[in-house]
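Everything on this sheet refers to the single structure shown next.
This one's a predicted model, so the numbers in the text were calculated from it and none came from an experiment. To find a chain, count down the sequence lines: A is the first, B the second, and so on, and within it residues start at 1.
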There are 2 protein chains.
Amino acid sequence: MLTDGHASVLRLINQFGPLSRTELVRQLGISKASMSALASDLIDRGVLAEGEMVYGAGRPSVRLELSANSAFFIGVSLATVPFTLTLTDLRGGVLSTAELTQGATPEAIVEEIAAAIPGLFDGHPQALDRLAGIGLAVPGVVDAATGTCVRSTLLDWRDVPIGDLVAAATGLPAYVENDANALALGQHLFGSLRGCDQGTMIAVGDGIGCGHIINGELHRGARGGAGEIAHATVDPSGLPCQCGKRGCLDTLASVRSIAAAARAAGLDCGLAALDAAANRGERAAIDILHGAGAALGLAIAQIVQSLDPERMVIGMTDGPVTGLFARVVRQTVEANVMPDDHRRLDLTITRLENQAWAIGAASIAAGRGFFRV
Amino acid sequence: MLTDGHASVLRLINQFGPLSRTELVRQLGISKASMSALASDLIDRGVLAEGEMVYGAGRPSVRLELSANSAFFIGVSLATVPFTLTLTDLRGGVLSTAELTQGATPEAIVEEIAAAIPGLFDGHPQALDRLAGIGLAVPGVVDAATGTCVRSTLLDWRDVPIGDLVAAATGLPAYVENDANALALGQHLFGSLRGCDQGTMIAVGDGIGCGHIINGELHRGARGGAGEIAHATVDPSGLPCQCGKRGCLDTLASVRSIAAAARAAGLDCGLAALDAAANRGERAAIDILHGAGAALGLAIAQIVQSLDPERMVIGMTDGPVTGLFARVVRQTVEANVMPDDHRRLDLTITRLENQAWAIGAASIAAGRGFFRV
DNA sequence: GCCCTTGGTTCGAAGAGCAAACTAACCAGC
DNA sequence: GCTGGTTAGTTTGCTCTTCGAACCAAGGGC
């Protein structure tokens with residue numbers, strides 16, 4: 001098994017790209033001797049490989065890089081429609097993907113997952129015997145320690161030991177995480193939060209999800225409920241939400257609620273069409289996008305004030321990432337965080353592909369097995 | 001010096017009270033051999049002592065307890081008026097306190113601190129040669145790693161290396177922390193957040209402060225700005241705030257702003273008087289307390305949704321902790337967190353003595369030197 | 001008084017980490 | 001092309017931590 005020392009080397013190389021032993025020594029504050037042993041050990045296991053040589057004064061240094069082909073992971077997203085599977089390597093590269101016909105019961109879903117796995121290896125036979133684990137992203141509250149989904153409204157689950165079920169059906173170590181958390185971890189390891197130890201990922205799609213990376217680790221909260229900003233109250237006198245409250249962020253800024261507002265105003269309900277209408281100066285479209293963007297921006301500003309993240313990434317599954325909505329989000333954030341701080345917050349608004357959820361799910365397995373995140 | 005192993009033993013005993021070696025072995029997952037060595041080492045150093053014996057089947061076990069007199073700490077609060085000093089022991093007990101005449105410059109303040117220290121030891125000579133450090137609670141943004149106050153509006157400071165100054169003047173290891181963070185750590189180690197690894201402390205006084213304990217550690221954020229909920233926007237169209245924005249929590253729920261609202265309505269501005277007036281049914285008083293409580297409750301609900309803490313403590317420097325304000329806070333929190341979760345959040349509203357800030361400051365020194373928090 | 005149970009210590013082995021000495025590989029300057 | 005300077009990485013021997021297993025300690029119950 002990998003020790004903590006091994007894992008910290010892998011984390012660093014994953015963050016910064018190939019590094020020489022000496023650079024690792026400086027970063028980790030360990031001795032050259034220990035580093036030498038760790039490196040040869042990781043090379044022997046095939047996890048690291050010697051790559052580019054860097055010439056300067058003195059003996060050239062050898063960059064150590066992650067061998068993408070040393071380990072593979074399967075990610076299962078139950079957060080997307082349809083459910084998706086991916087096969088990824090140690091560097092987060094996607095080898096293949098599959099989609100599931102959406103089963104109704106946990107047992108049916110597990111069966112479908114097991115049935116879909118062999119197909120992932122078509123053309124990638126080398127991945128089969130280096131498959132290290134399977135990660136699941138589940139929409140709902142999850143007990144990551146036991147691999148149980150405590151509650152999922154979307155799936156209509158309650159206390160489903162999905163991790164054990166998948167492990168039993170596939171014979172693989174199975175890891176379970178909340179969908180937004182999986183996404184955040186995926187971005188932390190392989191995406192736009194890479195190298196950021198204090199970061200927040202917000203996914204704006206049909207619903208709104210949020211995961212926090214704190215001190216380089218996923219923050220799950222006392223009972224796995226951290227990041228549930230979709231049901232943070234933004235406007236106490238707002239529209240009723242399916243959660244029972246009023247004016248939740250979800251009723252104001254999710255793609256679903258924006259579309260509903262557009263439909264009610266007699267507009268085309270796609271985000272891109274709405275943005276185009278706003279660009280043409282249509283008042284109703286502008287109002288809708290403005291309201292939604294301001295609500296999200298306010299919620300984000302509150303997170304910034306409370307957590308002081310280094311970077312924040314908003315991933316949008318729909319709509320232009322430079323449109324009115326995104327502009328209003330940015331402006332609202334800047335207007336609502338303490339003047340001295342906002343200049344230093346790195347706020348990125350980007351497109352979120354469906355695949356990102358499954359990559360996030362796979363990254364959980366990679367994180368537990370290799371990077372210790 | 002203490003190793004991590006030593007510190008985790010001390011943390012556990014501080015959390016749960018006296019524990020036997022075997023109980024510690026179970027909790028820490030280390031071997032009996034290691035535990036035996038750690039315990040005798042800590043006893044030799046005088047930090048632990050054998051206490052009560054517990055009889056059951058087999059050989060009775062010996063509880064190990066913290067020797068309160070093995071280490072002492074000075075806490076300096078620059079967050080209170082006047083500035084206060086305390087001398088505390090390893091168990092957070094207060095031996096003596098002092099107040100400072102509020103100097104104007106950092107140098108003057110440091111001089112006063114150094115001058116006030118000898119008086120703390122009157123009647124406690126044993127503490128002098130076991131003085132382990134001095135902690136400072138500073139209102140403002142702090143770089144805890146370097147002991148620098150980056151910015152403090154209240155003190156009118158910018159980049160003041162207060163830690164170095166105090167260390168030089170006193171010859172003691174000096175540790176600096178934001179005031180709300182110090183308070184939170186103090187409560188985590190010795191107060192109402194004891195034993196809670198996911199907790200939030202909110203101080204409602206003239207201003208509003210907030211500190212988060214995440215994974216048993218203080219969460220400082222990317223640049224020491226975490227917990228700044230005083231300037232989280234609650235009502236975008238609210239009153240202007242001295243920070244430049246509008247409708248900050250500070251303008252709605254701080255004792256200062258409640259008093260201002262009361263004054264404007266021609267009411268007695270003390271919180272207790274206001275509460276009494278509300279109890280008599282005076283509309284204006286009810287409105288003021290309701291508005292303030294709802295604002296704080298909303299901000300708290302957002303923290304709960306985002307961080308999912310296990311416990312949350314609101315410390316009030318003024319007013320009754322069971323009055324209308326407190327009731328509205330509770331109700332608003334319960335109404336604005338996801339239905340399933342609020343039942344499990346442990347929300348405590350308690351009185352916050354002035355001394356708590358200085359104890360918090362001292363706990364920083366204790367945390368760095370002994371408990372590794 | 002003798003077993004049984006549980007608490008705690010001692011001992012030898014294994015392993016992780018280190019400093020310091022060593023080898024390796026290149027450049028620059030003569 | 002030789003040599004000294006410089007940086008990269010390995011080897012060696014030591015320390016320190018941690019562990020399992022055997023052992024001693026100190027009760028209770030019969």
Side-chain angles (χ1 to χ4, degrees), chain A residues 1-13 15-67 369-372, chain B residues 1-13 15-67 369-372:
Chain A
M1 223 20 238
L2 264 56
T3 68
D4 284 356
H6 289 125
S8 53
V9 170
L10 297 181
R11 263 201 309 275
L12 226 50
I13 295 182
Q15 259 190 40
F16 297 110
L19 294 173
S20 73
R21 292 169 177 81
T22 313
E23 287 166 321
L24 287 163
V25 160
R26 279 193 285 263
Q27 292 273 340
L28 291 170
I30 61 175
S31 69
K32 293 204 291 178
S34 304
M35 187 61 241
S36 184
L38 283 176
S40 59
D41 200 35
L42 286 166
I43 291 172
D44 286 349
R45 293 162 188 249
V47 184
L48 287 186
E50 300 197 326
E52 189 196 3
M53 298 196 50
V54 179
Y55 296 81
R59 172 173 169 177
S61 58
V62 186
R63 293 253 166 91
L64 298 173
E65 55 191 30
L66 291 177
S67 307
F370 285 78
F371 300 109
R372 296 288 167 78
Chain B
M1 222 19 237
L2 264 57
T3 68
D4 284 356
H6 290 125
S8 53
V9 170
L10 297 182
R11 261 201 310 274
L12 227 49
I13 294 183
Q15 259 189 39
F16 297 110
L19 294 173
S20 73
R21 293 168 175 82
T22 314
E23 286 166 322
L24 287 162
V25 160
R26 279 193 285 264
Q27 292 272 339
L28 291 169
I30 62 175
S31 69
K32 293 204 291 179
S34 304
M35 188 60 241
S36 185
L38 284 176
S40 59
D41 201 35
L42 286 166
I43 290 172
D44 287 350
R45 292 161 187 248
V47 183
L48 287 186
E50 299 198 326
E52 190 196 3
M53 298 196 50
V54 180
Y55 296 82
R59 172 173 167 176
S61 59
V62 186
R63 294 252 164 92
L64 300 173
E65 55 191 30
L66 291 178
S67 307
F370 285 78
F371 300 110
R372 295 288 166 77

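- Listed here is the closest heavy atom pair of Pro18(A) and Glu65(A): CG-CB, 3.8 Å.
- Atom P of nucleotide dT12(D) and atom NZ of Lys32(A) are separated by 16 Å, given to the nearest angstrom.
- dC19(D) atom P lies 6 Å from atom CD1 of Ile30(B), rounded to whole Å.
- The shortest heavy-atom contact between Met53(B) and Pro60(B) is CE-CG, 3.6 Å.
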Which pairs, protein N/O on one side and nucleotides 14-17 of chain D N/O on the other, fall under 3.5 Å?
none

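- One distance of note links CG of Leu48(A) with CZ of Arg63(A); it measures 14.0 Å at 0.5 Å rounding.
- Residues Ser8(A) and Leu28(A) form a side-chain contact, since some pair of their non-hydrogen atoms from C-beta on lies under 4.5 Å apart.
- Look at Ser61(B) and you won't find any side-chain N or O under 4.0 angstrom from OP1 or OP2 of dG7(C).
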Base-pair string, DNA chain C, Watson-Crick plus G-U, cut-off 3.5 Å on both distances, | for inter-strand, is ||||||||||||||||||||||||||||||
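- Between Thr22(A) and Lys32(A), the closest side-chain pair of non-hydrogen atoms is not below 4.5 Å.
- Listed by residue number, the members of residues 33-43 of chain B with any heavy atom below 4.0 angstrom from DNA chain C are Ala33(B), Ser36(B).
- Residue Asp41(A) holds its CG atom at 12.0 Å from OG of Ser34(A), rounded to the nearest 0.5 Å.
- Closest heavy-atom contact between Ala39(B) and Arg21(B): CB-NE, 3.7 Å.
- DNA chain C is contacted by Tyr55(A), Gly56(A), Gly58(A), Arg59(A) of residues 46-59 of chain A, taking any non-hydrogen atom closer than 4.0 Å.
- The CG atom of Leu24(A) lies 5.0 Å from the CD1 atom of Ile13(A); values are rounded to the nearest 0.5 Å.
- Distance CG/Leu42(B) to CG/Leu64(B): 9.0 Å, rounded to 0.5 Å.
- Taking each heavy atom of Ser40(B) and Ala37(B) in turn, the nearest pair found is OG-O, 3.1 Å.
- Summarising the geometry of Gln27(A) relative to Leu12(A), their closest heavy-atom pair is CB-CD2, 3.3 Å, with the distance given to 0.1 Å.
- Near DNA chain C, defined here as any heavy-atom distance below 4.0 Å, there are no residues from residues 17-28 of chain A.
- No side-chain heavy atom of Leu19(B) sits less than 4.5 Å from a side-chain heavy atom of Val9(B).
- For Asp4(B), the salt bridge (charged side-chain N to carboxylate O under 4.0 Å, His left out) test picks out Arg372(B), with sequence neighbours left out.
- When all heavy atoms of Phe370(B) and Leu2(B) are compared, the pair lying nearest together is O-CD2, 3.9 Å.
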